[in-house]
Protein chains: 2
Amino acid sequence: MSGFLQDFWFSITRPRRGRPKLELDSSTLQTVAVLAEQENRAPDEVAAELLQAGLRDRQETVMAQLLWQCLTPREQDVTALICQNLTTRQIAARLYLSPDTVKTHARHILDKFNVPNREALRQMLSGWDFSAWA
Amino acid sequence: MSGFLQDFWFSITRPRRGRPKLELDSSTLQTVAVLAEQENRAPDEVAAELLQAGLRDRQETVMAQLLWQCLTPREQDVTALICQNLTTRQIAARLYLSPDTVKTHARHILDKFNVPNREALRQMLSGWDFSAWA
DNA sequence: TTGACAATAGAACTTTAGTTCTATAAAATG
DNA sequence: CATTTTATAGAACTAAAGTTCTATTGTCAA
């Protein structure tokens with residue numbers, strides 16, 4: 001058995017109740033293999049890297065969600081529209097404010113998320129769904 | 001055996017020579033399991049999603065690399081520095097140009113990559129290593 | 001050789017975001 | 001109740017990016 005099979009078999013045989021099973025379709029595995037071959041690396045290494053990168057993203061999402069809860073309702077509105085790539089003017093028109101007011105909210109938002117600019121905010125929340133503010 | 005084990009076992013027993021083995025450390029698997037539990041989803045579903053997202057990123061990189069080849073040497077310089085978040089002024093000082101010239105190059109770069117602004121360019125090349133231009 | 005094109009360089013002007021400040025009303029606190 | 005804090009709103013100014021244009025030189029094709 002390969003090291004992976006050993007590990008997996010070991011985790012299955014451990015006395016754990018209701019442990020979920022890890023099941024991937026073979027096409028994903030094959031794509032990993034193809035990519036690994038292109039990069040001259042072991043597929044398990046590539047897969048681990050991809051998984052770990054994805055997991056890191058998710059953990060950052062948890063942090064961002066906590067910070068989101070610290071926003072006022074108005075700030076959440078402005079955040080959502082910023083992340084949908086609306087300009088200050090567009091946001092102002094949408095929320096019936098002056099552009100300067102939008103910038104004030106943006107200032108507060110960036111401070112609460114501790115990011116240097118709107119781009120960094122958008123990057124931080126890039127996987128979020130803001131369609132409720134469409 | 002789980003479905004994954006079946007698939008994997010099946011791929012191993014197929015008459016393929018030198019097929020690489022997929023091997024992940026158990027801590028990664030456990031992290032996937034924890035995340036899946038938080039999201040009330042099956043771990044194999046989460047893992048597949050993470051892998052597929054990562055693979056999609058890699059494919060976009062291939063396209064970007066083709067476009068990168070279309071850049072002139074100067075444009076590649078400017079692209080690298082833009083992606084390291086340098087301002088126009090900083091880039092101009094680094095390359096001994098006027099800021100307006102940097103903006104001209106940027107214009108050409110954005111056109112060649114078919115992106116609307118520098119932020120989109122940085123997003124597109126976010127996984128690249130530009131340390132050679134440090 | 002001449003003209004077209006590409007690479008490199010730069011300028012004037014506009015738009016947008018960022019920075020620092022002021023102001024008011026409502027809510028919280030002592 | 002008086003004061004402080006917070007949320008919301010806005011303004012003046014600056015920095016940065018974006019847009020459209022001009023200019024020169026080298027290369028290439030007719």
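Below, read A as the first sequence line, B as the second, and so on, with proteins coming before strands; counting in each chain starts at 1. Only a predicted model underlies this, so the values are computations on that prediction, with no experimental measurement involved.
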Indicate yes or no for a side-chain donor-acceptor contact from [X] to the backbone of [Y] under 3.5 Å, with no hydrogens or angles considered.
X	Y	answer
R94(A)	W133(A)	yes
Q90(A)	T87(A)	yes
Q76(A)	W68(A)	yes

What integer distance in Å separates [X]:[atom1] from [N]:[atom2]?
X	N	atom1	atom2	result
I82(A)	dA17(C)	CD1	P	8 Å
E119(A)	dA16(D)	CD	P	14 Å
K103(B)	dT20(D)	NZ	P	14 Å
I109(B)	dG18(D)	CD1	C1'	14 Å
L95(A)	dA9(D)	CG	P	9 Å
L110(B)	dT19(D)	CG	C1'	12 Å
N85(A)	dA17(C)	CG	C1'	13 Å
H108(A)	dA9(D)	NE2	P	12 Å

Looking only at dG10(C), dA9(D), dT16(C), the nucleotide nearest the L97(B) side chain is dG10(C)

Considering only heavy side-chain atoms of K112(A), the closest of dA7(D), dG18(C), dG10(D) is dA7(D)

Within less than 4.0 Å of OP1 or OP2 of [N], is there a side-chain N or O belonging to [X]?
X	N	result
R107(A)	dT19(C)	yes
T101(B)	dG10(C)	yes
H105(A)	dT8(D)	no
T88(A)	dA17(C)	yes
R74(A)	dA7(D)	no

Nearest-nucleotide check on DNA chain C, D100(B) vs E75(B); residue mapping nearer the 5' end is E75(B)

Residue pair P116(A)/T104(B) against DNA chain C: nearer the 5' end by closest nucleotide is T104(B)

Which part of the nucleic acid, if any, lies within reach of T72(A) when heavy atoms closer than 4.0 Å are counted: base, sugar-phosphate only, or nothing?
sugar-phosphate

Does this structure show an ion pair linking E119(B) with R122(A), if we count only N-O contacts that are shorter than 4.0 Å? yes

Examine the side chains of T101(B) and S98(B) and answer whether a donor and an acceptor come within less than 3.5 Å of each other.
-> yes

